[in-house]
Amino acid sequence: MKKFGLSFLNVFLLTFMLLIFGPAEIFFANATEFEFVYGEFAGYLAVAAVGAAAVAGGLLTVLPEGLYRLVMSLIFGVSAAGYLQVMLLNRKLDLLGLNPEGYQVETGAAAGNLCVWLLILAGVIALAYVRKEIWKGLVKYGAAFLLCVQAVALVSLLVTAREDAYHHEAQEWHLTGEEQYVVSARENVILIILDYFSNQDLLEVQAAYPDVMDCLHDFTYYNNTDCNYYGTFPSVTHMLTGKEVDASIPVNDWFYKVWTDPDTISFYEQLREKDYVVHLYSPDTHHLCGTNDAEIFRTCFSNVTNSPRKVDVYYKLLFKTMTKMSCYRMMPELLKNVFYTEGSEYADIITYEDDIIHHNNADFYRGLLDTGLTADRDSNYFIIQHLLGTHEYTTTADCRQSPGSTLEETAKGCMVMVEEYLNQLKEVGAYDNSTIIVTSDHGDMVDSQVIFYIKEPGVTREAAAETNAPISLCELRPTIARAAGLDSARFGRTIYEFAENEQRERQVWVRDSDIRYTIVQNYAEDRIGYANIYKVYKYTGDYDDLLLQIEQEQYDVVQMVDSFF
(Lines give C-alpha, C1' and ligand atoms only; values in the text may rest on other atoms or scores of the structure.)
Protein backbone atom coordinates (compact mmCIF):
# COMPACT_ATOMS: atom_id res chain seq x y z
CA MET A 1 0.00 0.00 0.00
CA LYS A 2 2.90 2.36 0.75
CA LYS A 3 4.31 1.65 -2.69
CA PHE A 4 0.97 2.53 -4.29
CA GLY A 5 0.76 5.70 -2.20
CA LEU A 6 4.19 6.86 -3.35
CA SER A 7 3.40 5.93 -6.95
CA PHE A 8 0.04 7.71 -6.87
CA LEU A 9 1.61 10.84 -5.31
CA ASN A 10 4.21 11.15 -8.05
CA VAL A 11 1.89 10.48 -10.94
CA PHE A 12 -0.73 12.80 -9.47
CA LEU A 13 1.86 15.59 -9.22
CA LEU A 14 2.37 15.31 -12.98
CA THR A 15 -1.33 15.02 -13.84
CA PHE A 16 -2.15 17.83 -11.41
CA MET A 17 0.33 20.09 -13.20
CA LEU A 18 -0.87 19.13 -16.68
CA LEU A 19 -4.63 18.78 -16.17
CA ILE A 20 -5.55 20.92 -13.15
CA PHE A 21 -3.10 23.68 -12.28
CA GLY A 22 -1.71 24.34 -15.78
CA PRO A 23 -5.12 24.81 -17.45
CA ALA A 24 -6.32 26.92 -14.51
CA GLU A 25 -3.32 29.24 -14.63
CA ILE A 26 -3.62 29.62 -18.41
CA PHE A 27 -7.35 30.26 -18.20
CA PHE A 28 -7.36 32.81 -15.38
CA ALA A 29 -4.37 34.66 -16.86
CA ASN A 30 -6.19 35.05 -20.19
CA ALA A 31 -9.87 34.81 -19.27
CA THR A 32 -10.88 37.79 -21.41
CA GLU A 33 -9.53 36.00 -24.47
CA PHE A 34 -11.71 32.91 -23.94
CA GLU A 35 -15.46 32.66 -24.47
CA PHE A 36 -15.79 29.52 -22.34
CA VAL A 37 -15.84 29.56 -18.54
CA TYR A 38 -13.82 27.69 -15.92
CA GLY A 39 -16.47 25.21 -14.86
CA GLU A 40 -16.86 23.90 -18.39
CA PHE A 41 -13.53 22.11 -18.24
CA ALA A 42 -12.15 22.15 -14.66
CA GLY A 43 -14.20 19.32 -13.15
CA TYR A 44 -13.73 16.96 -16.06
CA LEU A 45 -9.97 17.47 -16.19
CA ALA A 46 -9.71 17.04 -12.41
CA VAL A 47 -11.48 13.69 -12.61
CA ALA A 48 -9.17 12.69 -15.47
CA ALA A 49 -6.12 13.73 -13.42
CA VAL A 50 -7.14 11.66 -10.38
CA GLY A 51 -8.25 8.68 -12.48
CA ALA A 52 -5.05 8.63 -14.55
CA ALA A 53 -2.93 8.86 -11.39
CA ALA A 54 -4.82 5.99 -9.75
CA VAL A 55 -4.54 3.71 -12.78
CA ALA A 56 -0.89 4.54 -13.47
CA GLY A 57 -0.03 4.29 -9.77
CA GLY A 58 -1.50 0.81 -9.64
CA LEU A 59 0.39 -0.31 -12.74
CA LEU A 60 3.67 1.00 -11.36
CA THR A 61 3.43 -1.18 -8.25
CA VAL A 62 3.68 -4.39 -10.29
CA LEU A 63 6.90 -3.38 -12.08
CA PRO A 64 10.21 -5.02 -11.12
CA GLU A 65 12.10 -2.91 -8.57
CA GLY A 66 14.78 -1.66 -10.97
CA LEU A 67 12.32 -0.66 -13.65
CA TYR A 68 10.00 0.84 -11.02
CA ARG A 69 12.71 3.20 -9.79
CA LEU A 70 13.58 4.22 -13.37
CA VAL A 71 9.98 5.05 -14.33
CA MET A 72 9.34 6.84 -11.05
CA SER A 73 12.53 8.86 -11.54
CA LEU A 74 11.42 9.88 -15.03
CA ILE A 75 7.98 10.93 -13.77
CA PHE A 76 9.35 12.99 -10.89
CA GLY A 77 12.17 14.40 -13.05
CA VAL A 78 9.70 15.59 -15.71
CA SER A 79 7.50 17.16 -13.01
CA ALA A 80 10.44 18.95 -11.36
CA ALA A 81 11.92 20.12 -14.65
CA GLY A 82 8.48 21.21 -15.84
CA TYR A 83 7.96 23.23 -12.67
CA LEU A 84 11.35 24.90 -13.18
CA GLN A 85 10.47 25.55 -16.82
CA VAL A 86 7.24 27.34 -15.91
CA MET A 87 8.66 29.30 -13.00
CA LEU A 88 12.07 30.34 -14.35
CA LEU A 89 12.91 29.12 -17.85
CA ASN A 90 9.91 30.16 -19.92
CA ARG A 91 10.36 33.46 -21.61
CA LYS A 92 7.24 35.46 -22.49
CA LEU A 93 5.31 32.68 -24.15
CA ASP A 94 2.84 33.24 -26.96
CA LEU A 95 0.14 31.23 -25.21
CA LEU A 96 -2.66 32.51 -27.44
CA GLY A 97 -1.45 31.54 -30.89
CA LEU A 98 -0.51 35.05 -32.03
CA ASN A 99 2.40 33.99 -34.24
CA PRO A 100 1.40 32.41 -37.58
CA GLU A 101 4.75 30.62 -37.82
CA GLY A 102 4.29 28.85 -34.49
CA TYR A 103 6.77 28.79 -31.63
CA GLN A 104 10.18 30.22 -32.52
CA VAL A 105 13.34 29.73 -30.44
CA GLU A 106 17.04 30.05 -31.22
CA THR A 107 18.95 26.79 -31.53
CA GLY A 108 21.39 27.75 -28.78
CA ALA A 109 18.61 28.59 -26.33
CA ALA A 110 16.81 25.31 -27.08
CA ALA A 111 20.04 23.33 -26.57
CA GLY A 112 20.79 25.04 -23.26
CA ASN A 113 17.25 24.47 -22.05
CA LEU A 114 17.43 20.79 -23.01
CA CYS A 115 20.67 20.43 -21.02
CA VAL A 116 18.90 21.66 -17.89
CA TRP A 117 16.18 19.04 -18.38
CA LEU A 118 18.69 16.25 -19.00
CA LEU A 119 20.71 17.18 -15.93
CA ILE A 120 17.61 17.04 -13.72
CA LEU A 121 16.48 13.70 -15.16
CA ALA A 122 19.98 12.22 -14.97
CA GLY A 123 20.40 13.40 -11.37
CA VAL A 124 17.16 11.83 -10.19
CA ILE A 125 17.86 8.56 -12.03
CA ALA A 126 21.39 8.39 -10.61
CA LEU A 127 20.08 8.84 -7.05
CA ALA A 128 17.61 6.01 -7.61
CA TYR A 129 20.45 3.51 -8.05
CA VAL A 130 23.28 4.87 -5.91
CA ARG A 131 21.42 6.54 -3.00
CA LYS A 132 18.10 4.74 -2.77
CA GLU A 133 17.01 6.20 0.56
CA ILE A 134 17.84 9.76 -0.48
CA TRP A 135 16.02 9.14 -3.77
CA LYS A 136 13.00 7.80 -1.93
CA GLY A 137 12.86 10.90 0.28
CA LEU A 138 13.26 13.16 -2.75
CA VAL A 139 10.39 11.67 -4.75
CA LYS A 140 8.19 11.52 -1.65
CA TYR A 141 8.76 14.88 0.01
CA GLY A 142 9.74 16.68 -3.20
CA ALA A 143 6.48 15.63 -4.87
CA ALA A 144 4.44 16.57 -1.80
CA PHE A 145 6.14 19.98 -1.62
CA LEU A 146 5.60 20.80 -5.32
CA LEU A 147 2.00 19.62 -5.07
CA CYS A 148 1.29 21.79 -2.02
CA VAL A 149 2.90 24.89 -3.51
CA GLN A 150 0.80 24.65 -6.66
CA ALA A 151 -2.36 23.74 -4.74
CA VAL A 152 -2.01 26.94 -2.70
CA ALA A 153 -1.48 28.92 -5.91
CA LEU A 154 -4.58 27.30 -7.41
CA VAL A 155 -6.71 28.33 -4.43
CA SER A 156 -5.44 31.88 -4.83
CA LEU A 157 -6.39 31.88 -8.50
CA LEU A 158 -9.88 30.60 -7.73
CA VAL A 159 -10.50 33.18 -5.00
CA THR A 160 -9.22 36.22 -6.91
CA ALA A 161 -10.71 35.42 -10.34
CA ARG A 162 -13.09 37.74 -12.14
CA GLU A 163 -16.77 36.87 -11.71
CA ASP A 164 -17.35 36.44 -15.44
CA ALA A 165 -14.72 33.67 -15.48
CA TYR A 166 -17.31 31.40 -13.87
CA HIS A 167 -20.51 31.97 -15.84
CA HIS A 168 -21.84 33.13 -19.20
CA GLU A 169 -23.87 36.30 -19.24
CA ALA A 170 -27.48 35.43 -20.03
CA GLN A 171 -27.71 38.60 -22.09
CA GLU A 172 -24.88 40.88 -23.15
CA TRP A 173 -24.11 43.47 -25.78
CA HIS A 174 -22.39 42.04 -28.82
CA LEU A 175 -22.00 42.39 -32.56
CA THR A 176 -24.42 40.21 -34.48
CA GLY A 177 -23.62 38.43 -37.73
CA GLU A 178 -27.22 37.99 -38.88
CA GLU A 179 -26.66 40.19 -41.97
CA GLN A 180 -23.02 39.38 -42.70
CA TYR A 181 -23.93 38.36 -46.26
CA VAL A 182 -26.20 41.33 -46.98
CA VAL A 183 -25.04 44.25 -49.16
CA SER A 184 -26.76 47.26 -50.71
CA ALA A 185 -28.22 47.28 -54.20
CA ARG A 186 -27.60 51.05 -54.19
CA GLU A 187 -24.14 52.08 -52.89
CA ASN A 188 -21.59 50.19 -50.82
CA VAL A 189 -18.31 51.00 -49.15
CA ILE A 190 -16.82 47.61 -48.33
CA LEU A 191 -13.67 47.25 -46.23
CA ILE A 192 -12.16 43.76 -46.23
CA ILE A 193 -9.45 43.41 -43.58
CA LEU A 194 -7.28 40.33 -44.10
CA ASP A 195 -5.44 40.12 -40.79
CA TYR A 196 -1.60 39.98 -40.78
CA PHE A 197 -1.14 40.31 -44.59
CA SER A 198 2.00 42.29 -45.39
CA ASN A 199 3.45 43.49 -48.69
CA GLN A 200 6.51 41.34 -48.14
CA ASP A 201 4.31 38.28 -47.62
CA LEU A 202 2.57 39.12 -50.89
CA LEU A 203 5.89 38.92 -52.76
CA GLU A 204 6.42 35.38 -51.42
CA VAL A 205 2.89 34.40 -52.33
CA GLN A 206 3.18 35.77 -55.87
CA ALA A 207 6.34 33.73 -56.39
CA ALA A 208 4.30 30.58 -55.69
CA TYR A 209 1.03 31.74 -57.29
CA PRO A 210 1.74 34.44 -59.91
CA ASP A 211 -1.97 34.95 -60.61
CA VAL A 212 -3.00 35.15 -56.94
CA MET A 213 -4.22 38.77 -57.14
CA ASP A 214 -5.73 38.62 -60.64
CA CYS A 215 -9.26 38.87 -59.24
CA LEU A 216 -8.40 42.45 -58.22
CA HIS A 217 -7.82 43.60 -61.80
CA ASP A 218 -10.20 46.57 -61.37
CA PHE A 219 -8.31 47.81 -58.31
CA THR A 220 -5.34 50.08 -57.66
CA TYR A 221 -2.57 48.57 -55.56
CA TYR A 222 -0.80 50.95 -53.19
CA ASN A 223 2.48 49.07 -52.66
CA ASN A 224 3.91 51.50 -50.09
CA THR A 225 1.27 51.42 -47.34
CA ASP A 226 2.18 51.82 -43.68
CA CYS A 227 0.00 50.10 -41.06
CA ASN A 228 0.91 52.61 -38.27
CA TYR A 229 0.55 49.97 -35.53
CA TYR A 230 1.71 46.38 -35.17
CA GLY A 231 -1.15 44.28 -33.81
CA THR A 232 -4.89 43.98 -34.21
CA PHE A 233 -4.88 46.13 -31.09
CA PRO A 234 -4.70 49.05 -31.58
CA SER A 235 -4.74 48.95 -35.37
CA VAL A 236 -8.37 48.06 -36.14
CA THR A 237 -9.69 50.60 -33.63
CA HIS A 238 -7.36 53.20 -35.17
CA MET A 239 -8.60 52.29 -38.66
CA LEU A 240 -12.24 52.77 -37.69
CA THR A 241 -11.90 55.86 -35.46
CA GLY A 242 -8.83 57.62 -36.82
CA LYS A 243 -7.56 58.05 -33.26
CA GLU A 244 -3.91 57.54 -32.31
CA VAL A 245 -3.21 55.24 -29.41
CA ASP A 246 -2.55 56.97 -26.10
CA ALA A 247 -0.17 54.78 -24.10
CA SER A 248 -0.22 57.23 -21.18
CA ILE A 249 -3.68 56.06 -20.09
CA PRO A 250 -4.96 52.53 -19.37
CA VAL A 251 -6.04 50.48 -22.39
CA ASN A 252 -9.69 50.29 -21.28
CA ASP A 253 -9.79 54.06 -20.79
CA TRP A 254 -8.39 54.62 -24.28
CA PHE A 255 -11.00 52.33 -25.81
CA TYR A 256 -13.80 54.19 -24.04
CA LYS A 257 -12.31 57.56 -24.94
CA VAL A 258 -12.01 56.92 -28.68
CA TRP A 259 -15.40 55.24 -29.20
CA THR A 260 -17.24 57.96 -27.27
CA ASP A 261 -15.22 60.80 -28.80
CA PRO A 262 -17.55 63.38 -30.44
CA ASP A 263 -15.46 63.22 -33.62
CA THR A 264 -15.89 59.43 -33.86
CA ILE A 265 -19.62 59.68 -33.20
CA SER A 266 -19.95 62.52 -35.74
CA PHE A 267 -18.27 60.42 -38.47
CA TYR A 268 -20.78 57.60 -38.12
CA GLU A 269 -23.71 60.00 -37.70
CA GLN A 270 -22.77 61.63 -40.99
CA LEU A 271 -22.73 58.21 -42.64
CA ARG A 272 -26.25 57.57 -41.36
CA GLU A 273 -27.33 60.96 -42.69
CA LYS A 274 -26.16 59.73 -46.10
CA ASP A 275 -28.46 56.74 -45.57
CA TYR A 276 -25.62 54.31 -44.76
CA VAL A 277 -26.16 51.27 -42.58
CA VAL A 278 -22.82 50.49 -40.87
CA HIS A 279 -22.04 46.86 -40.07
CA LEU A 280 -18.85 45.67 -38.38
CA TYR A 281 -18.14 41.94 -38.53
CA SER A 282 -15.37 41.06 -36.11
CA PRO A 283 -15.62 38.45 -33.34
CA ASP A 284 -12.63 39.89 -31.50
CA THR A 285 -14.54 42.63 -29.71
CA HIS A 286 -12.01 42.67 -26.85
CA HIS A 287 -9.51 43.91 -29.46
CA LEU A 288 -11.92 46.78 -30.08
CA CYS A 289 -13.31 47.66 -26.65
CA GLY A 290 -11.28 45.71 -24.06
CA THR A 291 -13.40 44.89 -21.04
CA ASN A 292 -15.78 47.75 -21.80
CA ASP A 293 -19.26 46.62 -22.71
CA ALA A 294 -19.85 46.42 -26.47
CA GLU A 295 -22.69 48.87 -25.91
CA ILE A 296 -20.13 51.62 -26.55
CA PHE A 297 -20.35 50.67 -30.25
CA ARG A 298 -24.07 51.53 -30.46
CA THR A 299 -23.50 55.07 -31.71
CA CYS A 300 -21.27 53.74 -34.52
CA PHE A 301 -22.48 50.34 -35.75
CA SER A 302 -25.94 49.14 -36.66
CA ASN A 303 -25.35 45.47 -35.84
CA VAL A 304 -24.97 45.89 -32.06
CA THR A 305 -27.51 44.05 -29.93
CA ASN A 306 -28.01 42.69 -26.44
CA SER A 307 -30.31 39.86 -27.45
CA PRO A 308 -29.65 36.52 -25.66
CA ARG A 309 -27.63 33.85 -27.44
CA LYS A 310 -27.63 30.11 -26.86
CA VAL A 311 -24.10 28.86 -26.22
CA ASP A 312 -22.87 25.55 -27.60
CA VAL A 313 -19.69 24.11 -26.07
CA TYR A 314 -17.50 21.72 -28.07
CA TYR A 315 -16.28 19.83 -25.00
CA LYS A 316 -13.92 17.44 -26.75
CA LEU A 317 -12.05 20.34 -28.34
CA LEU A 318 -12.12 22.26 -25.04
CA PHE A 319 -10.44 19.43 -23.10
CA LYS A 320 -7.94 18.80 -25.88
CA THR A 321 -7.05 22.48 -26.24
CA MET A 322 -6.56 23.19 -22.53
CA THR A 323 -4.41 20.07 -22.12
CA LYS A 324 -2.38 20.94 -25.19
CA MET A 325 -1.82 24.52 -24.00
CA SER A 326 -0.79 23.20 -20.58
CA CYS A 327 1.76 20.84 -22.16
CA TYR A 328 3.07 23.70 -24.31
CA ARG A 329 3.55 25.82 -21.19
CA MET A 330 5.42 23.08 -19.30
CA MET A 331 7.52 21.39 -21.99
CA PRO A 332 11.17 22.23 -22.80
CA GLU A 333 11.87 24.67 -25.63
CA LEU A 334 12.67 21.85 -28.06
CA LEU A 335 9.17 20.34 -27.73
CA LYS A 336 7.02 23.45 -27.44
CA ASN A 337 6.24 23.68 -31.13
CA VAL A 338 4.67 20.20 -30.95
CA PHE A 339 2.05 21.57 -28.56
CA TYR A 340 1.74 25.12 -29.96
CA THR A 341 -1.95 26.04 -30.09
CA GLU A 342 -3.35 28.21 -32.88
CA GLY A 343 -5.75 30.93 -31.75
CA SER A 344 -8.51 29.47 -33.93
CA GLU A 345 -8.38 26.23 -31.93
CA TYR A 346 -9.74 27.78 -28.76
CA ALA A 347 -11.90 30.20 -30.78
CA ASP A 348 -13.88 27.22 -32.13
CA ILE A 349 -14.72 25.84 -28.68
CA ILE A 350 -17.74 28.11 -28.21
CA THR A 351 -20.31 28.54 -30.99
CA TYR A 352 -23.70 30.18 -31.09
CA GLU A 353 -26.87 28.95 -32.73
CA ASP A 354 -27.45 32.41 -34.17
CA ASP A 355 -25.67 35.77 -34.32
CA ILE A 356 -22.59 33.99 -35.71
CA ILE A 357 -19.86 36.18 -37.17
CA HIS A 358 -17.64 34.23 -39.55
CA HIS A 359 -14.04 35.30 -39.03
CA ASN A 360 -12.15 32.18 -40.06
CA ASN A 361 -11.37 32.24 -43.79
CA ALA A 362 -12.82 28.81 -44.54
CA ASP A 363 -15.97 29.49 -42.50
CA PHE A 364 -16.61 32.81 -44.23
CA TYR A 365 -16.05 31.22 -47.64
CA ARG A 366 -18.35 28.32 -46.83
CA GLY A 367 -20.99 30.80 -45.71
CA LEU A 368 -20.67 32.60 -49.03
CA LEU A 369 -21.23 29.35 -50.91
CA ASP A 370 -24.08 28.16 -48.68
CA THR A 371 -25.88 31.44 -48.04
CA GLY A 372 -24.78 33.74 -50.83
CA LEU A 373 -24.98 37.51 -50.88
CA THR A 374 -28.34 39.24 -50.96
CA ALA A 375 -28.97 42.89 -51.81
CA ASP A 376 -30.98 45.39 -49.75
CA ARG A 377 -32.58 48.13 -51.86
CA ASP A 378 -33.57 50.34 -48.92
CA SER A 379 -30.18 51.63 -47.69
CA ASN A 380 -26.56 52.20 -48.57
CA TYR A 381 -24.06 50.03 -46.70
CA PHE A 382 -20.66 50.54 -45.10
CA ILE A 383 -19.43 47.02 -44.35
CA ILE A 384 -16.29 46.04 -42.42
CA GLN A 385 -15.37 42.37 -42.84
CA HIS A 386 -12.51 41.60 -40.41
CA LEU A 387 -11.26 38.16 -41.46
CA LEU A 388 -8.48 35.88 -40.24
CA GLY A 389 -6.34 36.43 -43.33
CA THR A 390 -2.80 35.10 -42.92
CA HIS A 391 -2.74 35.42 -39.13
CA GLU A 392 -2.68 31.61 -39.02
CA TYR A 393 -1.48 29.26 -41.72
CA THR A 394 -4.65 27.18 -41.56
CA THR A 395 -6.24 27.71 -44.99
CA THR A 396 -5.65 25.63 -48.10
CA ALA A 397 -5.21 27.14 -51.55
CA ASP A 398 -8.87 26.37 -52.30
CA CYS A 399 -9.96 27.93 -48.99
CA ARG A 400 -10.60 24.90 -46.84
CA GLN A 401 -9.54 24.56 -43.21
CA SER A 402 -6.21 22.77 -42.73
CA PRO A 403 -3.78 23.27 -39.80
CA GLY A 404 -0.82 22.19 -41.91
CA SER A 405 -1.03 24.91 -44.55
CA THR A 406 1.69 27.38 -45.55
CA LEU A 407 1.70 31.15 -45.89
CA GLU A 408 1.43 30.80 -49.65
CA GLU A 409 -1.51 28.40 -49.51
CA THR A 410 -3.29 30.47 -46.88
CA ALA A 411 -2.92 33.70 -48.85
CA LYS A 412 -4.10 31.98 -52.04
CA GLY A 413 -7.13 30.64 -50.14
CA CYS A 414 -7.86 34.17 -48.89
CA MET A 415 -7.96 35.44 -52.45
CA VAL A 416 -10.22 32.56 -53.54
CA MET A 417 -12.57 33.78 -50.79
CA VAL A 418 -12.27 37.43 -51.89
CA GLU A 419 -12.85 36.49 -55.53
CA GLU A 420 -16.04 34.64 -54.60
CA TYR A 421 -17.22 37.69 -52.66
CA LEU A 422 -16.53 39.96 -55.65
CA ASN A 423 -18.27 37.57 -58.05
CA GLN A 424 -21.35 37.46 -55.85
CA LEU A 425 -21.36 41.27 -55.66
CA LYS A 426 -21.53 41.21 -59.46
CA GLU A 427 -24.32 38.62 -59.43
CA VAL A 428 -26.55 40.77 -57.18
CA GLY A 429 -25.74 43.93 -59.16
CA ALA A 430 -23.74 45.59 -56.37
CA TYR A 431 -20.19 45.50 -57.73
CA ASP A 432 -20.15 48.50 -60.08
CA ASN A 433 -21.63 50.87 -57.48
CA SER A 434 -19.26 49.80 -54.72
CA THR A 435 -16.04 51.21 -53.33
CA ILE A 436 -14.10 48.13 -52.21
CA ILE A 437 -10.91 48.16 -50.15
CA VAL A 438 -8.88 45.00 -49.53
CA THR A 439 -6.20 45.62 -46.93
CA SER A 440 -4.79 44.42 -43.61
CA ASP A 441 -4.58 45.84 -40.12
CA HIS A 442 -0.87 44.95 -39.77
CA GLY A 443 1.98 42.75 -40.95
CA ASP A 444 4.58 41.33 -38.59
CA MET A 445 7.09 43.24 -36.47
CA VAL A 446 9.47 43.80 -39.39
CA ASP A 447 7.27 43.39 -42.47
CA SER A 448 4.85 45.99 -41.17
CA GLN A 449 3.80 47.48 -44.50
CA VAL A 450 0.45 46.02 -45.58
CA ILE A 451 -1.42 45.25 -48.76
CA PHE A 452 -3.83 47.96 -49.84
CA TYR A 453 -6.07 47.58 -52.91
CA ILE A 454 -8.97 49.91 -53.72
CA LYS A 455 -11.63 49.88 -56.43
CA GLU A 456 -13.79 52.93 -57.05
CA PRO A 457 -17.38 52.71 -58.40
CA GLY A 458 -17.58 52.16 -62.14
CA VAL A 459 -13.86 51.46 -62.59
CA THR A 460 -12.90 48.55 -64.84
CA ARG A 461 -9.43 47.54 -65.97
CA GLU A 462 -7.73 44.65 -67.69
CA ALA A 463 -5.07 44.59 -64.96
CA ALA A 464 -4.64 46.31 -61.62
CA ALA A 465 -2.96 49.72 -61.53
CA GLU A 466 -0.08 50.18 -59.10
CA THR A 467 1.43 53.15 -57.30
CA ASN A 468 4.13 53.70 -54.70
CA ALA A 469 2.41 56.78 -53.25
CA PRO A 470 3.36 56.80 -49.54
CA ILE A 471 0.03 56.28 -47.80
CA SER A 472 -0.86 54.85 -44.40
CA LEU A 473 -3.93 53.59 -42.57
CA CYS A 474 -4.20 57.10 -41.12
CA GLU A 475 -5.78 57.98 -44.47
CA LEU A 476 -8.35 55.20 -44.35
CA ARG A 477 -11.15 57.05 -42.56
CA PRO A 478 -10.97 60.19 -44.77
CA THR A 479 -10.91 57.93 -47.85
CA ILE A 480 -14.03 56.12 -46.64
CA ALA A 481 -15.66 59.50 -45.95
CA ARG A 482 -14.91 60.61 -49.51
CA ALA A 483 -16.31 57.38 -50.94
CA ALA A 484 -19.54 57.88 -48.97
CA GLY A 485 -19.94 61.47 -50.13
CA LEU A 486 -18.94 63.15 -46.86
CA ASP A 487 -16.66 66.17 -46.44
CA SER A 488 -13.47 64.14 -46.19
CA ALA A 489 -11.27 67.16 -45.41
CA ARG A 490 -12.83 67.29 -41.96
CA PHE A 491 -11.29 63.91 -41.17
CA GLY A 492 -7.85 64.38 -42.73
CA ARG A 493 -6.09 63.66 -46.01
CA THR A 494 -7.27 60.87 -48.30
CA ILE A 495 -5.00 58.42 -50.10
CA TYR A 496 -5.57 60.41 -53.31
CA GLU A 497 -3.62 63.38 -51.94
CA PHE A 498 -0.27 61.60 -52.13
CA ALA A 499 1.68 61.31 -55.35
CA GLU A 500 3.89 58.70 -56.96
CA ASN A 501 7.48 58.88 -55.59
CA GLU A 502 6.50 61.51 -53.01
CA GLN A 503 8.71 61.72 -49.92
CA ARG A 504 6.81 61.73 -46.66
CA GLU A 505 7.69 60.86 -43.07
CA ARG A 506 5.59 58.07 -41.60
CA GLN A 507 5.87 56.03 -38.44
CA VAL A 508 4.99 52.58 -37.18
CA TRP A 509 4.55 51.61 -33.52
CA VAL A 510 5.80 48.15 -32.56
CA ARG A 511 5.11 46.76 -29.08
CA ASP A 512 8.07 45.28 -27.24
CA SER A 513 9.35 44.32 -23.80
CA ASP A 514 12.42 46.07 -22.40
CA ILE A 515 13.63 45.48 -18.84
CA ARG A 516 15.18 48.97 -18.80
CA TYR A 517 11.66 50.35 -18.43
CA THR A 518 8.96 49.78 -15.85
CA ILE A 519 7.28 46.39 -16.21
CA VAL A 520 3.51 46.78 -16.48
CA GLN A 521 0.45 44.64 -15.84
CA ASN A 522 -1.88 43.21 -18.43
CA TYR A 523 -4.86 45.52 -18.98
CA ALA A 524 -7.45 42.96 -17.86
CA GLU A 525 -5.79 40.04 -16.12
CA ASP A 526 -3.72 39.56 -12.97
CA ARG A 527 -0.44 38.93 -14.76
CA ILE A 528 2.54 40.76 -16.18
CA GLY A 529 1.94 42.12 -19.67
CA TYR A 530 3.88 40.76 -22.62
CA ALA A 531 5.02 44.31 -23.54
CA ASN A 532 5.85 47.50 -21.69
CA ILE A 533 6.94 49.91 -24.45
CA TYR A 534 6.27 50.88 -28.04
CA LYS A 535 9.22 51.31 -30.34
CA VAL A 536 8.25 54.09 -32.74
CA TYR A 537 10.13 53.86 -36.05
CA LYS A 538 10.05 56.97 -38.25
CA TYR A 539 11.04 56.75 -41.90
CA THR A 540 10.85 58.65 -45.16
CA GLY A 541 10.55 56.65 -48.34
CA ASP A 542 9.52 53.01 -48.70
CA TYR A 543 9.90 49.64 -46.98
CA ASP A 544 13.68 49.56 -47.49
CA ASP A 545 13.99 52.81 -45.54
CA LEU A 546 11.82 51.40 -42.74
CA LEU A 547 13.91 48.22 -42.65
CA LEU A 548 17.06 50.29 -42.34
CA GLN A 549 15.65 52.07 -39.28
CA ILE A 550 14.73 48.71 -37.74
CA GLU A 551 18.13 47.17 -38.44
CA GLN A 552 19.93 50.20 -37.02
CA GLU A 553 17.56 50.27 -34.03
CA GLN A 554 16.63 53.87 -34.67
CA TYR A 555 13.44 54.41 -32.73
CA ASP A 556 11.73 56.52 -30.10
CA VAL A 557 10.37 54.88 -26.95
CA VAL A 558 6.83 55.36 -25.70
CA GLN A 559 6.22 53.70 -22.34
CA MET A 560 2.94 51.92 -21.61
CA VAL A 561 0.74 52.27 -18.54
CA ASP A 562 -0.54 48.73 -19.09
CA SER A 563 -0.25 46.11 -21.79
CA PHE A 564 -3.05 44.80 -23.99
CA PHE A 565 -1.17 41.58 -24.77
Find out whether the Lys NZ or Arg CZ of K336 is both under 6.0 angstrom from the six-membered ring centre of Y328 and within 45° of the ring's axis.
-> yes
Hey, can you pull the donor-acceptor pairs under 3.5 Å for the side chains in residues 200-212, sequence neighbours left out?
unit_1: D201; atom_1: OD2; unit_2: S198; atom_2: OG; d: 3.4

Residues at least two apart in sequence or cross-chain that pass ring-ring contact (aromatic ring centres under 6.0 Å, His included) with Y453, listed by chain then number, are Y221
Passes side-chain contact (heavy atoms from CB on, under 4.5 Å), V245 versus N228? Steps please.
-> CA-CA 10 Å; V245 73; N228 303 122; over 6 Å; no
Do Y256 and D293 touch side chain to side chain, with heavy atoms closer than 4.5 Å?
-> no
Kindly assign one of parallel, tilted or perpendicular to the pair F564 and H287, based on the angle between their ring planes and the thresholds 30° and 60°.
-> tilted
Partner of N501 by side chain to side chain donor-acceptor pair (under 3.5 Å), out of T467, N468, N224 = N468
Atom pair CG/CD1 of L546 and I550 - distance to nearest 0.5 Å = 4.0 Å
Residues K535, D514: salt bridge by 4.0 Å N-O rule | no
Could you tell me whether the side chains of E475 and Y222 share a donor-acceptor contact shorter than 3.5 Å?
-> no
Test item: side-chain donor near acceptor, D226 and S472, under 3.5 Å = no
Sub-3.5 Å donor-acceptor pair from the side chain of N532 to the main-chain atoms of T518, do we have one?
-> yes
